[in-house]
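Working notes for the structure below.
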Amino acid sequence: MNAVAEGKGAEAGSRQYLDRLRHSCAHVMAQAVQELYPGTKITIGPAIENGFYYDFDGPHQFTLEDLPKIEKRMRQIAEGNHPFSGAEQSYEQSRRYWQERGEGYKLELLEGIKQRGERITHYSHGAFTDLCRGGHVDSTKEIRHFKLLSVAGAYWRGDEKNAMLQRIYGTAWPTKGQLDDYLRMLEEAKARDHRKLGVALDLFSVQELAGPGLIFWHPKGGLMRMIMEDWLRAEALKRGYQMVYTPHIANVELWNTSGHRSFYKDNMFTEIEVEKGHYQLKPMNCPFHVLIYKSRLRSYRELPLRLAELGTVYRYERSGVLHGLLRVRGFTQDDAHIFCAREQIESEVSGCIDFALEVFKAFGFSRYALEVSTWDPAQRDVYIGEASDWERAQAALENVLKERGLPYELVPGEAAFYGPKIDVKLIDAIGRSWQLSTVQFDFNLPRKFELEYIAADGSRKTPLMVHRALYGSIERFFGILVEHYAGHFPLWLSPVQAKVLTLTAEQEAPARALEAKLKAAGLRCALDLRPEKIGAKIRDAQLEKIPYMVVLGPKDVAAGTLSVRLGDGRQFSGVTEAELLERLGGEVSRKLVASAWGKP
RNA sequence: GCCGGGAUAGCUCAACGGUAGAGCAAUCGCUUCGUAAGCGAUAGGUUGUGGGUUCGAAUCCCAUUCCCGGCUCCA
């Protein structure tokens, strides 16, 4: 047996070290599980984004209650200070080893390794050995700060035709501080969960009687959505988009022409029969915008033609994947399709990126990650369209980002079959990333629908089509906003911007007058006249996450000024009505979150 | 769809084979009070739904709907 050297150049805390630590932790977990639950078969146990998992198959059905026991055993193993060591094996050696132990999944993996002609290595620590390509820490004693998090089902090799395995997830970090930070982040994420806040703030609901994945926007959520839509429409018009409306269903012939009936069939709701026609709910808006384009002969002078719509689409999603507002069956896309000439693609893509950055800024996202998904030239046949168009479009996508100095990741082979794209992942307030905005080329539909325009030289040409969505889905974007702000929305989005709280019944008249003035100034204002103590009124307003609380008591009325409390608890006294109005108005127009306002 | 876990008052939860309860919210009174919960009363439930076991089911069994954690997929 030849010892295998591990590449351990990377320093502690690096991505490589984290992966090694977590993967090592997975090995230790596999050992603990096999000791505690004899007869459990091991499969694979990789490091992932923030931790690791191991998939098992066995007679014992794992539950959350098992985790502390497994953790305890893991600690004992880790403290044993067992070095990790690897050794190359012959195929025969390895096969015998796993056969003796009845580890069928390992034998299957071994066959794969053999077929690919890769080295077969076994890695061990203490009494435990795994078929593994390596990547471990030096010793189990480095594994100290970890926690098992959850149990879940997972298909062997991710294929639903295969056996369902049991997966245990965990997280591991080099220091206690990092582990605690991560666990705190998970707690924080739980507290901000848009599904919880959606109920607490009365924003939206899902109704069992209506069906899963269908969203009911309540008055407060609906108002916020309206503000988001109005703002986006106004921005779109400024940028030369033209708003359109299209139907929610269309004859199946449309979907046959577009190709959706073949490549998107599994995600479409089934047919509705009406008289002699068959119709289907739209899963995408694209073909509708294409039909508007095609409604008459187009000239190069009209290009770029930017058609935008807040288009509601319906997609059949399998019941198990639905998730609050983030994954639903009916949702509204801020969809636009830009029809342009080849020489216009760079400026159009640039305009889309510009618009996207404006959206992020407006909603307080300062961090994002960009991905350019290109084709895999080795698989030429799976893609539609001319190679020259692909190359040109991909170059345009990259050039725009380069010119702006925006860092991006190139992901070859990730393009849709109909065109390359830029995806934007937003990073929210607690560091999680969300895929939202997308700018995609579509080489399919212009061809399928035989789109054309008359060029300057009188010839007929096929336009290029760029599909772009910035919010992506209003439902999803809204859900992310709720979590990003933890329900403390900036003033321009807050359903109730200010609430006037009276101390005693004496202040009713001045409070009503103040409310009227704020409303006249276009602010969304509420009034709390209940005969409750001020502390109770403050508490209720805080729980509603109202950004401005205006307290009106006898002293304020006598002085002719107001006492203002901000959502973050800061208080200001002696504020005049004019100051309050100016402050609120300025904050709304500049889309700021409540910030410094002199000294309390 | 699949694996696992759930569903009790508007919300958060208790009761786990023997008459279904609490806090908050709601309603009605009293209290007029200075920055996160004043006091009292009232009302609110075919325990998600349908079936079964049992003298007796929120509790045990089966089916079903929806929700949650994942797999897969994605806006």
Side-chain angles (χ1 to χ4, degrees), chain A residues 53 55 57 61-65 149-169 190 193 195-196 199-200 202 205-213 264 266-267 283-285 311-313 315-335 416 423-424 434-438 440 467 469-480 501-508 529-544 549-556 563-567 569-573 600:
Chain A
Y53 66 79
D55 284 347
D57 189 14
Q61 190 62 250
F62 293 105
T63 68
L64 241 38
E65 284 79 65
L149 298 173
S150 60
V151 182
Y155 298 106
W156 168 233
R157 296 189 151 168
D159 187 336
E160 65 185 42
K161 291 182 193 72
N162 289 339
M164 178 63 75
L165 306 173
Q166 298 187 67
R167 175 172 299 181
I168 299 179
Y169 281 96
K190 222 192 240 174
D193 191 315
R195 293 165 300 184
K196 263 191 190 161
V199 175
D202 198 14
S205 65
V206 178
Q207 300 289 331
E208 187 168 347
L209 189 58
Y264 212 68
D266 293 344
N267 278 89
M284 292 185 188
N285 301 297
T312 302
V313 297
R315 298 184 184 174
Y316 165 69
E317 298 285 356
R318 297 193 293 177
S319 53
V321 307
L322 300 172
H323 181 95
L325 292 175
L326 304 184
R327 188 78 181 272
V328 295
R329 283 186 175 159
F331 60 100
T332 301
Q333 296 180 302
D334 63 316
D335 215 352
D423 282 331
V424 188
W434 306 90
Q435 212 269 297
L436 287 160
S437 310
T438 180
Q440 319 180 277
H467 159 96
L470 305 180
Y471 291 155
S473 134
I474 296 182
E475 282 76 4
R476 178 179 286 181
F477 192 79
F478 181 73
I480 292 164
L501 314 176
T502 52
L503 226 72
T504 74
E506 301 288 306
Q507 292 86 46
E508 177 167 348
L529 295 172
R530 294 174 305 162
E532 291 287 347
K533 296 214 302 191
I534 194 65
K537 295 190 185 191
I538 292 283
R539 178 168 197 271
D540 290 343
Q542 289 283 167
L543 290 175
E544 280 180 82
M549 286 152 271
V550 184
V551 177
L552 212 48
K555 289 178 204 162
D556 303 290
S563 299
V564 177
R565 179 188 167 106
L566 268 45
R570 281 178 298 151
Q571 293 171 35
F572 304 87
S573 53

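Protein chains get the first letters and strands the later ones, always in sequence-line order, with residue 1 at the start of each.
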Practice problem: Kindly say if A:S150 contacts the phosphate of B:rG70, meaning a side-chain N or O under 4.0 Å from OP1 or OP2. | Solution: no

Exercise. Provide the Watson-Crick or G-U wobble partner of B:rA57, both distances under 3.5 Å; none if there is no partner.
Key: none

Quiz item: What is the base-pairing partner of B:rC30, counting Watson-Crick and G-U wobble geometry with both distances under 3.5 Å?
Solution: B:rG38

Quiz prompt | Touch class at under 4.0 angstrom, heavy-atom based, for A:A505 against every strand present | solution = base

Exercise. Just call it for A:V313: base, sugar-phosphate, or nothing, with non-hydrogen atoms closer than 4.0 Å on any strand.
Key: nothing

Exercise. Select one nucleotide: of B:rG1, B:rA36, B:rA75, the one nearest the side-chain heavy atoms of A:Y316.
Key: B:rG1

Self-check item: Sidechain N-carboxylate O distance under 4.0 Å for A:E532, A:R539
Solution: no

Quiz item: Paired with B:rG4: which nucleotide, if any, by Watson-Crick or G-U wobble criteria at under 3.5 Å for both distances?
Solution: B:rC68

Practice problem: Quick one: label A:R315 by what it contacts on the DNA or RNA (base, sugar-phosphate, nothing), any heavy atom closer than 4.0 Å. | Solution: base

Quiz item: What nucleotide, of B:rG1, B:rG69, B:rC74, holds the atom closest to the side chain of A:R327?
Solution: B:rC74

Self-check item: Interatomic distance at P, B:rG45 relative to B:rA22, whole Å
Solution: 14 Å

Quiz item: Please walk me through it: do A:L325 and A:F331 pass side-chain contact (heavy atoms from CB on, under 4.5 Å)?
Solution: CA-CA 9 Å; A:L325 292 175; A:F331 60 100; over 6 Å; no

Practice problem: Can you tell me the distance, in whole Å, between the CG atom of A:L543 and the P atom of B:rC11? | Solution: 17 Å

Exercise. Record whether the side chain of A:R318 comes under 3.5 Å of the base of B:rU72 through a donor-acceptor pair of N or O atoms.
Key: yes

Self-check item: Short side-chain N/O contact to B:rC74 OP1/OP2 from A:H323, under 4.0 Å
Solution: no

Quiz prompt | Nearest-angstrom distance from the residue atom CD of A:Q166 to P of B:rC2 | solution = 17 Å

Quiz prompt | Complementary nucleotide for B:rC73 - Watson-Crick or wobble, under 3.5 Å | solution = none

Exercise. Would you sort out whether A:V206 and A:V328 count as a side-chain contact (heavy atoms from CB on, under 4.5 Å), showing the intermediate values?
Key: CA-CA 10 Å; A:V206 178; A:V328 295; over 6 Å; no

Quiz prompt | Worked check of side chain to side chain donor-acceptor pair (under 3.5 Å) between A:T312 and A:T332 | solution = CA-CA 4 Å; A:T312 302; A:T332 301; 2.8 Å; yes

Quiz item: Considering only side-chain heavy atoms of A:R167, which listed nucleotide, B:rA75, B:rC71, B:rA36, is closest?
Solution: B:rC71

Quiz item: Can you find a donor-acceptor N/O pair under 3.5 angstrom joining the side chain of A:Y155 to the base of B:rG70?
Solution: no

Exercise. Determine the Euclidean distance between corresponding P atoms of B:rU19 and B:rA58; express it in Å to zero decimal places.
Key: 10 Å

Quiz item: If you look at every strand shown and take non-hydrogen atoms under 4.0 Å, does A:I534 touch a base, only sugar-phosphate, or nothing?
Solution: sugar-phosphate

Exercise. Kindly say if A:R565 contacts the phosphate of B:rA36, meaning a side-chain N or O under 4.0 Å from OP1 or OP2.
Key: yes

Practice problem: Side chain of A:P212 only, please: which of B:rC2, B:rA36, B:rC67 is the nearest? | Solution: B:rC67

Practice problem: Indicate, yes or no, whether a donor-acceptor pair under 3.5 Å links the base of B:rA75 to the side chain of A:E317. | Solution: yes

Exercise. Give A:G158 one of three labels, base, sugar-phosphate or nothing, depending on what nucleic acid heavy atoms sit under 4.0 Å from its own.
Key: sugar-phosphate

Quiz item: With sugar-phosphate meaning primed atoms plus P, OP1 and OP2, does A:L436 contact a base, only sugar-phosphate, or nothing at under 4.0 Å between heavy atoms?
Solution: sugar-phosphate

Exercise. Report yes or no: do A:S573 and A:Q571 form a side-chain donor-acceptor pair below 3.5 Å?
Key: no

Practice problem: Send over the distance from A:M164 CE to B:rC3 C1', rounded to a whole Å. | Solution: 4 Å

Quiz item: Over how many whole Å does the gap from A:R329 atom CZ to B:rC67 atom P extend?
Solution: 8 Å

Practice problem: Looking only at side-chain atoms of A:L503, point me to the closest of B:rC66, B:rC33, B:rG38. | Solution: B:rC33

Self-check item: Pairwise P distance, B:rU35 and B:rG18 [rounded to whole Å]
Solution: 50 Å

Self-check item: CA sep, side-chain torsions, deciding dist, call: A:R327, A:S473, side-chain contact (heavy atoms from CB on, under 4.5 Å)
Solution: CA-CA 10 Å; A:R327 188 78 181 272; A:S473 134; over 6 Å; no

Quiz item: When we call it a touch if two heavy atoms are under 4.0 Å apart, what does A:G472 touch: a base, just sugar-phosphate, or nothing?
Solution: sugar-phosphate

Quiz item: Choosing from B:rG38, B:rU72, B:rU32, which nucleotide comes nearest the side chain of A:P531?
Solution: B:rU32

Practice problem: Would you indicate what A:E475 reaches in the nucleic acid, counting non-hydrogen atoms under 4.0 angstrom: base, sugar-phosphate, or nothing? | Solution: nothing

Quiz item: If you look at every strand shown and take non-hydrogen atoms under 4.0 Å, does A:G535 touch a base, only sugar-phosphate, or nothing?
Solution: sugar-phosphate

Self-check item: Which nucleotide in B:rG38, B:rG70, B:rA36 has an atom nearest any side-chain atom of A:A536
Solution: B:rG38

Quiz item: A:D556 near the nucleic acid: base, sugar-phosphate alone, or nothing, with a heavy-atom cut-off under 4.0 Å?
Solution: base

Quiz prompt | Whole-Å C1' distance, B:rC16 and B:rG50 | solution = 22 Å

Quiz item: Tell me: CZ of A:R570 to P of B:rU35, nearest whole Å?
Solution: 18 Å

Quiz item: Roughly how far apart, to the nearest Å, are B:rA43 and B:rC28 at atom P?
Solution: 15 Å

Quiz item: How many angstroms lie between atom OH of A:Y471 and atom CG of A:L436, to the nearest 0.5 angstrom?
Solution: 11.0 Å

Quiz prompt | Atom-to-atom span, CG of A:N267 to C1' of B:rA75 - whole angstrom | solution = 11 Å

Practice problem: Send over the distance from A:D159 CG to B:rC71 C1', rounded to a whole Å. | Solution: 11 Å

Practice problem: Under the side-chain contact (heavy atoms from CB on, under 4.5 Å) rule, what do A:K537 and A:T502 come out as? Steps first, then yes or no, please. | Solution: CA-CA 9 Å; A:K537 295 190 185 191; A:T502 52; 3.0 Å; yes

Practice problem: Go through the N and O atoms of the side chain of A:R476 and the base of B:rC74, and report whether any donor-acceptor pair is under 3.5 Å. | Solution: yes

Quiz item: A:Y169 has a side chain; which of B:rA36, B:rC71, B:rC66 sits nearest to it?
Solution: B:rC71

Quiz item: With centres under 5.5 Å and planes under 30° as the test, does A:F331 stack with B:rA75?
Solution: yes

Exercise. Examine the base of B:rG5 for any acceptor or donor lying under 3.5 Å from a partner atom in the side chain of A:T63, and report the outcome as yes or no.
Key: no

Practice problem: Give one of base, sugar-phosphate or nothing for A:S563, where a contact means two heavy atoms less than 4.0 Å apart. | Solution: base

Practice problem: Searching all strands shown, indicate the nucleotide that pairs with B:rA22 (Watson-Crick or G-U wobble; both distances under 3.5 Å). | Solution: B:rU12

Exercise. Looking at every strand, decide which applies to A:K555 at a 4.0 Å heavy-atom threshold: base, sugar-phosphate, or nothing.
Key: base

Quiz prompt | Options B:rG1, B:rA36, B:rC33, nucleotide nearest the side-chain atoms of A:K533 | solution = B:rC33

Quiz prompt | Separation between the P atoms of B:rU72 and B:rG48, rounded to whole Å | solution = 33 Å

Self-check item: Nearest-angstrom distance, C1' atom, B:rA15 to B:rA7
Solution: 16 Å

Exercise. Compare the minimum distances between each of B:rG69, B:rU35, B:rU65 and the side chain of A:R195, then state the nucleotide with the smallest one.
Key: B:rG69

Exercise. May I have the distance from A:E208 (atom CD) to B:rC67 (atom P), rounded to whole angstrom?
Key: 7 Å

